Asks: 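Would you mind keeping the following structure in view while I ask a few things?
In what follows, chains are A, B, ... by sequence order, proteins preceding strands, each numbered from 1. Quick caveat, the model's predicted, so the values are computed rather than measured.
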Amino acid sequence: MYWRESMRQMNSIGIESIPIVAVVALFIGAVTAVQFAYQVQDFAVPMYYIGFIVRDSMIIEMAPTITCMILAGKVGSNMASELGNMRITEQIDALEIMGVNTSSYLVGTKLVAGLITIPMLIILAALLGIVGGLLAVVLSDLMPLGVYERGLHLFFVPFNVKMMMIKGFVFAFILSTVACYHGYHVKGGAIQIGEASTKAVVHSNILILLSDYVIAEILL
Amino acid sequence: MIEVKNIKKHFGDKKVLKGISTVFEAGKANLIIGTSGSGKTVFMKCLVGLLEPNDGAILYDGENFSQMTKKERKSIRRKIGMLFQGSALFDSMTVEENVLFPLNMFTDWSTKEKMDRVNFCLERVNLVGANDKYPGEISGGMMKRVGIARSIVLNPKYLFCDEPNSGLDPQTSLLIDELLTDITKEYNITTIINTHDMNSVMGMGEKVVFLHQGYKDWEGSNKDILQSKNQLLNDFIFASDFLKALRKGIDNVG
Amino acid sequence: MLKQMISVPESAYMYWKETVRQMNHIGVGSLIIIGIISFFTGAVTAVQFAYQLSGSYFPPYLLGFVIRDSMIIELAPTLSCLVLAGKVGSNMASELGTMRISEQIDALEVMGVNSTAYLVAPKIFAALIIVPPLIIISAFLGVYGGLLAAVNYGIAQEMFEKGLLYMFDPFNVVIMLVKAYVFAFLIATVSCYQGFYVKGGALDIGKASTRAVVFSSILVVLFDYLIAVVMT
């Protein structure tokens, strides 16, 4: 039962978020490339630096943070409103009476699903962000493909990938628990579900950025 | 007075109203009854123009509502009050602001005039001292009263009520029914009520229209119901064993 | 939906009152989250950029310059609006969705109020008025957060400040404001649309509010790219 519910959650958190994560990552990568090119146009910075900057920005910051903020808006608000709806329509009470441990059945499975799928989504986001940067650079004729690729290989530090994964797990944990907490403890009616889902988004966004800074401080 | 002529409404292939004609008179409580899915709600939504009927005409005191321009419709709507099933109070406003809303929107009265009218209407529905409460803080019966106060604040000529008793206990239902009947008489309003509450039908139904599968199956007054030999109507009204026994008793006495 | 909005308001006062209520709702309600987020975004950008550049030949004062420009061009408008899409967008959608499901919108229609104009227009206006100032605050707080983090990281404050004043291009502020107005409009219209046309029950309100967040986030980054391409 628990495994099946986790699979269902992995589908709704992971698979259904692929399109938005992909689109956002592509455009963030593209914007980073275009705007970095614009910012440094007055300096004697070699063009291939763009590849390097896009790669590192995506891995260290953009892929984990922006993806998780978007997921807080999509997955977090979804979890909160799903649990909130179950609470006010007394479905949670019904499970309790059947003797089901609702916090592990409803919340635990979401947390596990979040911890498994969100880091994978972040890896996808990092890769697609780099592709987005590449497309933007090639499409706007800023430089040939080869030059961008040369930048991609420049100063690669594997430790950054580790940092991305640490952020991925921490953020996944934050957004699942915060969202479930707000949804699980809804009281009232439809309006309160809306409030809970907004609170879920706001609080997870704040905590994500706060821990983003703390992780950067500790690891760098 | 509202005349309905051969109203038809379908959603895609699904025919919901299959040609209904009737007359709702002023100063009377007109009841529309029928099982769930008989088309009551769609019928009422067509009457107020929330849905467009596919065929037929609706005449508000002789004026054809179906053929009006947007502007003419608006002027008719100022004369319509409606009480919704869940009361449909604006949650962001207090009880007082809810009742005040139509006045603020459509009149240029002074603040004092508006407040007098609001307090008058709230007193009329026996709701005093709840002015500053929000809809989330009051009971279902109180919400209905606020809904009624809001729908009569502009002195409507027509009052529509969509299942005014749903979710209320029998006693509160009775009070709401009495209130609606009194207001109808007092201001000579054409009141149209959707209901499946048998107490309301027998208590206030001076005119009852029985809908069945999109047709008007029967119409008459609550007194006629007892005499009616219409099988569908009898099955609907006297659904429970208790009521069937009661009906038998009445027949035997009669 | 936008076409239906253009009509003569019944009572201008009521529309103004609703607009002010929405401005309060969007602006004051979002100030704290935007403040915190911008502050930490600036701080993170500073720490990470300092780290990224530690192996290369950039002079340290460039940090201030990079933080200032990143905040103004990209982070303040885009990140703030992504957060606002999550907060304000989902809020608008669920507010309108609740009004639709509980027949409050029908109640307005029966009264003869143009419900699209009364409910949607004030939200769009309020967003257009209040979001740009939020973005400006966000940019300032981000730079401030970057400054504190940089000092904490071991870069002299004078160095950072030198970078802040280095090669300032006012046109970047124009880009920021263009983004702010475009994003504000996108978030408000998308979210109102999703909420206004909800059908069903409480669960569908939740779905509409999630859709509002998803679609406005996607449109925000899409237009972010388009504006970047057109204006830079």
Asks: Checking C/A85 against chain A: side chain, backbone, both or neither under 4.5 Å from a heavy atom?
Replies: neither
Asks: Under 4.5 Å from any heavy atom of chain C, what part of A/T198 do you find: side chain, backbone, both or neither?
Replies: both
Asks: Do C/N172 and A/Y38 meet the criterion of a side-chain donor-acceptor pair at a distance under 3.5 Å?
Replies: yes
Asks: Taking atom OH of A/Y105 as the centre, does the number of heavy atoms from other residues, nucleotides or ligands within less than 6.0 Å exceed 12?
Replies: yes
Asks: Between chain C and each of A/N160, A/I208, A/I193, count heavy-atom pairs under 4.5 Å; write down the option with the most.
Replies: A/N160
Asks: Measure A/M163 against the heavy atoms of chain C and call it side chain, backbone, both or neither at under 4.5 Å.
Replies: side chain
Asks: Go through the atoms of C/I36 and report whether side chain, backbone, both or neither lie under 4.5 Å from a heavy atom of chain A.
Replies: side chain
Asks: Between C/L226, C/V220, C/V213, which shows the greatest number of heavy-atom pairs under 4.5 Å with chain A?
Replies: C/V213
Asks: What residues of residues 80-92 of chain A sit under 4.5 Å from chain C when you count only heavy atoms?
Replies: A/S81, A/N85
Asks: Between atom OG1 of A/T65 and atom CG of C/L79, what is the distance when rounded to the nearest 0.5 Å?
Replies: 8.5 Å
Asks: Mark yes when over 12 heavy atoms from residues, nucleotides or ligands other than A/R150 sit less than 6.0 Å from its CZ; otherwise mark no.
Replies: no
Asks: Which answer fits A/S17, side chain, backbone, both or neither, if we ask what part of it has an atom under 4.5 Å from a heavy atom of chain C?
Replies: neither
Asks: Within the supplied structure, the quantity of interest is the number of heavy atoms (other residues, nucleotides, ligands) at a distance under 6.0 Å from C/Y153 OH; does it exceed 12?
Replies: yes
Asks: If we only count heavy atoms from C-beta on, is the A/Q35 to C/D69 side-chain gap below 4.5 Å?
Replies: no
Asks: Could you tell me if the side chain of C/K87 sits less than 4.5 Å from the side chain of A/V201, heavy atoms only?
Replies: no
Asks: Under 4.5 Å from any heavy atom of chain A, what part of C/T98 do you find: side chain, backbone, both or neither?
Replies: side chain
Asks: What ring-ring contact (aromatic ring centres under 6.0 Å, His included) pairs are there with at least one residue in residues 68-94 of chain C, not counting sequence neighbours?
Replies: none
Asks: Please look at C/V44 and chain A and tell me whether the side chain, the backbone, both or neither of the residue comes under 4.5 angstrom of a heavy atom of that chain.
Replies: both
Asks: Under 4.5 Å between any side-chain heavy atoms of A/D212 and C/F40, yes or no?
Replies: no
Asks: How long is the gap from CD1 on A/I206 to CZ on C/F39, to the nearest 0.5 Å?
Replies: 13.5 Å
Asks: Under 4.5 Å, heavy atom to heavy atom, which residues of residues 122-136 of chain A contact chain C?
Replies: A/A136
Asks: With a 4.5 angstrom heavy-atom cut-off, which part of A/V157 approaches chain C: side chain, backbone, both or neither?
Replies: side chain
Asks: Between CG of A/N205 and CD1 of C/I33, what distance do you get to the nearest 0.5 Å?
Replies: 5.0 Å
Asks: Relative to chain C, which segment of A/I20 carries a heavy atom at a distance below 4.5 Å: side chain, backbone, both, or neither?
Replies: both
Asks: Would you tell me whether C/N152 and A/E217 have side-chain atoms, one donor and one acceptor, within less than 3.5 Å of each other?
Replies: yes
Asks: Please output the residues of residues 23-33 of chain A in contact with chain C, using a heavy-atom cutoff of under 4.5 Å, in numerical order.
Replies: A/V23, A/V24, A/F27, A/I28, A/A30, A/V31
Asks: Roughly how far, to the nearest 0.5 Å, is the OG atom of C/S217 from the CG atom of A/L71?
Replies: 10.0 Å
Asks: Rounded to the nearest 0.5 Å, what separates atom OG in A/S77 from atom NZ in C/K207?
Replies: 13.0 Å
Asks: Is C/I32 in contact with chain A via its backbone, its side chain, both, or neither, using a 4.5 Å heavy-atom distance?
Replies: neither
Asks: Measure the CG-CD1 distance between C/L82 and A/I66 for me, rounded to the nearest 0.5 Å.
Replies: 6.0 Å
Asks: Does atom OH (A/Y184) have a neighbourhood of more than 12 heavy atoms from anything else shown, all under 6.0 Å?
Replies: yes
